[in-house]
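Read the structure below first, then the notes.
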Amino acid sequence: VRRMRVVSVADGTGGDVRPVTVVAQQRQREGQEIMFAGPPTFRDFVQGKGLAFTPLPFDCEAMIKSHPGAATGGMLETLRAAPGLFVKTTEGQLEVLPELAKRADFILAGGIHAGVPTAAEYAGIPWRWVVYTSIMYPSNSHPPMTAALGSAPRVVNWLLWQLTRWFINLMFKKPVNRQRARLQLPALRDMSEHILCANPILAMEPELAPIPPEWPDADAIGYLDPGEGDPLPPEIEAFLERGPAPVYIGFGSMPDKHPDETTRLFVEATRRAGVRAVISRGWAQFGATLPEHCIAVGPVSHPRLFARVSAVVHHGGAGTTAAAARAGKPQLIVPHIADQFYFGNLVEQIGVGASALRRSRLRLGPLTERLQRLVNDAGLRERAAELGAKIRSRPRPTNLSRLLVARKGMSLPLLPVGRRVSIAPPSLRPSA
């Protein structure tokens, strides 16, 4: 019997790639033939997981690092930089994925995925999208991630989704249709509808991703935890043993225009708050020069490190938010872009984090104040510990091959196109 052949596509940052490798490894153990396509900088990581790797031509990391203002300069700078990233990523995917898909039976995608639906259509095979937050899909319950808002009134959410659909079509429909013409596929009328999978897989803990009413039959499997990972480096172990539990500070794949200045901010805020700190270098390369109460760290196991710290200060990526919650640590989110604002608002609302501090407003006083709350607020620490224990008590998702079925799925609550049903304005629909 021929094994099922699956293309696993994960484009973007580490937070996009790592969860998909968890699915790919398990499906490979279940007997499927896996072909993994991802950014070229993740070749060693993916192959180290025992997976066959095909590089996508566009290097997201290089482009993100070359546009630090997109992450630190506010929404307007983000909107100026984002179209180029997504267009180049999609064009790169459509150079590789159509032919790869012709040798497969199914595509499972994570992260930036706008080329996947066209590749699946070209090969005549089904596909599904793994998402790490419910705000990837339209709902009156939450704003789109392009809005840089943690929450908004229902009528504002409705309006923002209208604007988002218009923006997606304006920016991306023409370049994608050029690629579709090359593949002899019909032109798209609506790009935003095209990229939304009818039956996505929500890979996030339920406390961190409330399912909106438009998703009554969502496949929610919990966060795809990559496991404990490698032991911590000896110098980090030695630092942890030398004194009280430090706070972790790291912004992951977010770049920074002035990393040395931001490092000095971290150092002074932790000194004033009376805490030690493990500072993740990340893509911004923080931590060039540090005093004794701080130490810099490269890529390490979040589960192992977070279990040993007192609190987690981070950018609000889905993976880091999930790892901090699982570790049972209070967190402060410093959102830069996209769904990070949603997570920043959410952790405060459920009582496991301090109020979010936008990256564009990151200053010494507010950061110091929040650090003090993270380590001194007993109620905050207790709620975070309870959430962590609850998450850790759940079994990890198994039998992930069952997800490789393209069900008819939900009726997508989009804007009016032809006869398609859209989100009803809040004034016309009772609150859920």
Side-chain angles (χ1 to χ4, degrees), residues 13 15 64-65 67-82 85 132-133 135-136 142-153 156-157 160 163-164 167 208-209 247-270 272-273 277 279-280 282-284 286 311-322 324-325 329-374 377 380:
T13 68
I64 290 173
K65 286 181 175 179
H67 292 80
T72 61
M75 189 174 74
L76 289 180
E77 286 202 44
T78 300
L79 290 176
R80 279 195 289 266
L85 170 66
Y132 313 125
T133 169
I135 71 165
M136 299 302 293
H142 53 242
M145 69 176 186
T146 53
L149 294 173
S151 64
V156 175
N157 293 334
L160 290 171
L163 294 173
T164 296
F167 180 77
L208 301 175
V247 298
Y248 168 92
I249 303 177
F251 294 161
S253 57
M254 298 295 99
D256 195 289
K257 281 185 175 180
H258 307 291
D260 291 341
E261 181 180 318
T262 305
T263 298
R264 288 193 291 272
L265 174 65
F266 295 157
V267 168
E268 182 61 17
T270 53
R272 292 190 182 190
I279 298 175
S280 173
W283 286 9
F286 297 129
V312 180
V313 179
H314 62 102
H315 59 301
T320 313
T321 305
K329 306 299 179 178
Q331 44 189 310
L332 165 64
I333 291 180
V334 183
H336 294 57
I337 57 172
D339 57 350
Q340 297 166 10
F341 297 93
Y342 169 80
F343 284 119
N345 178 70
L346 183 66
V347 298
E348 180 187 8
Q349 292 301 311
I350 64 177
V352 299
S355 59
L357 180 59
R358 285 173 176 253
R359 178 60 186 85
S360 58
R361 301 173 186 170
L362 184 61
R363 303 290 186 272
L364 179 59
L367 178 58
T368 302
E369 177 187 342
R370 286 165 172 79
L371 286 172
Q372 290 171 331
R373 185 181 175 210
L374 290 180
D377 187 327
L380 189 67

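The residues of the chain are indexed from 1 along the displayed sequence. In what follows, every heavy atom counts, from backbone to side chain, and hydrogens, waters and symmetry copies are set aside. This structure is a prediction, so every number in the text was calculated from the model and none was measured.
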query = Does the pair V247 and V312 meet the rule for a side chain to side chain contact (heavy atoms under 4.5 Å, CB included), with working shown?
reply = CA-CA 6 Å; V247 298; V312 180; over 6 Å; no
message = Walk me through whether F286 and F251 qualify under side chain to side chain contact (heavy atoms under 4.5 Å, CB included).
response = CA-CA 9 Å; F286 297 129; F251 294 161; 3.8 Å; yes
ask   = For T321 and H314, what are the C-alpha separation, side-chain angles and deciding distance, and is it a side chain to side chain contact (heavy atoms under 4.5 Å, CB included)?
value = CA-CA 8 Å; T321 305; H314 62 102; 3.2 Å; yes
request  = Verify side chain to side chain contact (heavy atoms under 4.5 Å, CB included) between W283 and D256, making sure each step is shown before the conclusion.
outcome  = CA-CA 8 Å; W283 286 9; D256 195 289; over 6 Å; no
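Note that OG1 of T146 is 7.5 Å distant from CZ of F167, once rounded to the nearest 0.5 Å. Note that CZ of F341 and CE of M145 are 12.0 Å apart. Values are rounded to the nearest 0.5 Å. Annotation: the span from S151 atom OG to Y342 atom OH amounts to 10.0 Å, rounded to 0.5 Å. How far CG of L332 is from CG of L374: 5.5 Å, rounded to the nearest 0.5 Å. T262 OG1 to M254 CE: the interatomic distance, rounded to the nearest 0.5 Å, is 14.0 Å. Atom CG in L364 sits 12.0 Å away from atom CZ in F266 (nearest 0.5 Å).
Listed by chain and number, the residues in a side-chain hydrogen bond (donor to acceptor under 3.5 Å, both in side chains) with T270 are H293 (sequence neighbours excluded). Remark: H315 pairs with no residue by the side-chain hydrogen bond (donor to acceptor under 3.5 Å, both in side chains) rule, at least two apart or across chains.
Residues L367 and L362 have side chains in contact (heavy-atom distance under 4.5 Å, counting atoms from C-beta outward). In this structure the side chain of L265 never reaches within 4.5 angstrom of the side chain of R363, judged on heavy atoms. In this structure, the side chains of V313 and Q331 stay at 4.5 Å or more apart for every pair of heavy atoms.
We find that R272 and E268 are joined by a salt bridge, their nearest charged nitrogen and carboxylate oxygen being less than 4.0 Å apart.
Closest approach of I333 to Q340, counting heavy atoms only: CG2-O, 3.8 Å. Closest non-hydrogen pair, A284 versus P255, comes out as CB-C, 4.1 Å. Shortest non-hydrogen contact noted between L371 and A273 is CB-CB, 3.9 Å. Nearest heavy atoms, I135 versus P143: CB-O, 3.9 Å.
You'll find the ring centres of Y132 and F343 outside the 6.0 Å limit.
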Could you list the donor-acceptor pairs under 3.5 angstrom formed between side-chain atoms of residues 345-356 and any protein atom two or more places apart in sequence or on another chain?
from: S355; atom 1: OG; to: R370; atom 2: NE; distance (Å): 3.4
from: S355; atom 1: OG; to: R370; atom 2: NH2; distance (Å): 3.2

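Looking at T263, its side chain does come within 3.5 Å of a backbone N or O of P259 through a donor-acceptor pair.
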